[in-house]
Amino acid sequence: MAALDLRAELDSLLLQLLGDLEELEGKRAVLNARVEEGWLSLAKARYAMGTKSVGPLQYASHMEPQVCLQASEAQEGLQKFKVVRSGVHAPEEVGPREAALRRRKGPTKTPEPQSSEAPRDPLNWFGILVPHSLRQAQASFRDGLQLAADIASLQNRIDWGRSQLRGLQEKLKQLELGAA
Amino acid sequence: MAERGKLITVMGDEDTVTRFLLGGIGELNKNCHPNFLVMEKDTTIHEIEDTFWQFLNQDDIGIILINQYIAEMVRQALDAHQHTIPTVLETPSKEHPYDATKDSILRRARGMFTAEDLH
């Protein structure tokens, strides 16, 4: 009976693994499509701004990540990833906040930009007025990052399932040897 | 942020690194090494391996994105990496499309079954 239960567990694990592999293939195809869209948009941006205007020469000397990963352990040894976005540097508000007369004499108190708190948008490395194609490229790659996190989670699940499968197969062999 | 999450690093050609940095994953300051490696014509395999091992041993990295053609250069190290974190994700590049037969994870999954397992 124990062997029967083990076999049933093996079958269910195998089916889950095959399902995960199919899902991985699907997500891979979507990621590749996003990446290709992004390349096209990047190429259009280079065409508009100049070949050398979008590359490592424009990287900032100081970067802070806008995107991080939250790793959570669903089951023992099984990690799942989620992309978390930190606040983007908000544009500075110019002008009076309240509907009141402005004082023409004396300095107006505008709030200091909170540059130390929110990371700067990487789009600003390439200029103030960047072409729409570069914004589109950024949007494609942002979607790609979430997909990458999903694919990484799936890969971990497949690896975990594989080790579980090996463990169950060993147990089954031991049982069958003992019964024989 | 009270507790910062894990980082995503990228190793690839200029286009790959630029696109992921545009997505907002880049980290570079006076104290830290950058969390990316741009593959140039004069980048040696030794540098790639060193950077890869460095990323593998950092606690604050969750995912390593690497162009598949660069992953081929460090395939041994990649295959030896059994930990769940950081997870290595192979990506295509402009000149080298993604080939599922070369992916370490999928090769391991294909090797799940031997002839005796099927009996």
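In the text below, chain A, chain B and the rest are named by the order of the sequence lines, each starting its count at 1.
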When hydrophobic residues are tied together by side-chain contacts of less than 4.5 Å, even through go-betweens, does B/F36 share a cluster with B/M39?
no
In the structure I gave you, are the side-chain heavy atoms of B/D103 and A/R28 within less than 4.5 Å of one another anywhere?
yes
Where does A/A152 contact chain B at under 4.5 Å (heavy atoms): side chain, backbone, both or neither?
both
Counting heavy-atom pairs closer than 4.5 Å to chain A, which one of B/L89, B/I8, B/T16 comes out on top?
B/L89
Against chain B, label A/A139 side chain, backbone, both or neither, depending on which of its atoms sit under 4.5 Å from a heavy atom there.
neither
Non-hydrogen side-chain atoms of B/E14 and A/P56 separated by less than 4.5 Å
yes
Do the side chains of B/L22 and A/W125 get nearer than 4.5 Å, heavy atoms only?
no
Given the rule that I, L, V, M, F, W and Y join up when any side-chain heavy atoms are under 4.5 Å apart, are A/L175 and A/L10 in one cluster?
yes
Determine which residues belonging to residues 50-85 of chain B lie within contact range of chain A, meaning some heavy atom pair is under 4.5 Å apart, and list them by number or answer 'none'.
B/G62, B/I63, B/L65, B/T84, B/I85
Would you say that A/Y59 contacts B/V38 through its side chain, given a criterion of any heavy-atom pair below 4.5 Å between the two side chains?
yes
Around atom CD of A/E25, are there more than 12 heavy atoms of other residues, nucleotides or ligands at under 6.0 Å?
no
Could you list the donor-acceptor pairs under 3.5 angstrom formed by side chains in residues 35-45 of chain A, with sequence neighbours left out?
from: A/S41; atom 1: OG; to: A/E37; atom 2: O; distance (Å): 3.1

Structural part of A/L24 lying under 4.5 Å from a heavy atom of chain B
side chain
So what's closer than 4.5 Å to chain B heavy atoms on A/S61: side chain, backbone, both or neither?
backbone
For B/P92 against A/N32, the heavy-atom pair lying closest together
CG-OD1, 3.4 Å
Pair count under 4.5 Å, heavy atoms only, with chain A: among B/L7, B/V17, B/N35, B/L21, highest is B/L21
Is A/L147 linked to A/V67 within one hydrophobic cluster, defined over Ile, Leu, Val, Met, Phe, Trp and Tyr using a side-chain heavy-atom separation of less than 4.5 Å?
yes
Mind listing the closest non-hydrogen atom pair of A/P122 and B/G24 along with its distance?
CG-CA, 4.0 Å
Short side-chain to backbone donor-acceptor contact, B/E27 and A/M63, under 3.5 Å:
no
Would you indicate whether A/L177, at its atom CG, is surrounded by more than 12 heavy atoms from other residues, nucleotides or ligands within a distance under 6.0 Å?
yes
Where does the angle between the aromatic ring planes of B/F20 and A/F141 fall among parallel (under 30°), tilted (30 to 60°) and perpendicular (over 60°)?
tilted
Has A/Q155 got a side-chain atom pairing as donor or acceptor with B/L106's backbone, closer than 3.5 angstrom?
no
Membership question, hydrophobic clusters at under 4.5 Å side-chain separation (ILVMFWY): are B/V88 and B/Y98 in the same one?
no
Set out, in order, the CA-CA distance, both residues' side-chain angles and the distance that settles side-chain contact (heavy atoms from CB on, under 4.5 Å) for A/D159 and B/R108, then state yes or no.
CA-CA 8 Å; A/D159 260 345; B/R108 271 184 233 161; 3.4 Å; yes
With a 4.5 angstrom heavy-atom cut-off, is it the side chain or the backbone of B/I105 that approaches chain A, or both, or neither?
side chain
From A/Q138 atom CD to B/R19 atom CZ, the distance as rounded to the nearest 0.5 Å
14.0 Å
Report the option among B/G26, B/P86, B/A100, B/P97 that has the most heavy-atom pairs separated by less than 4.5 Å from atoms of chain A.
B/G26
Cluster link B/L37 to B/I45, ILVMFWY, side chain under 4.5 Å:
yes
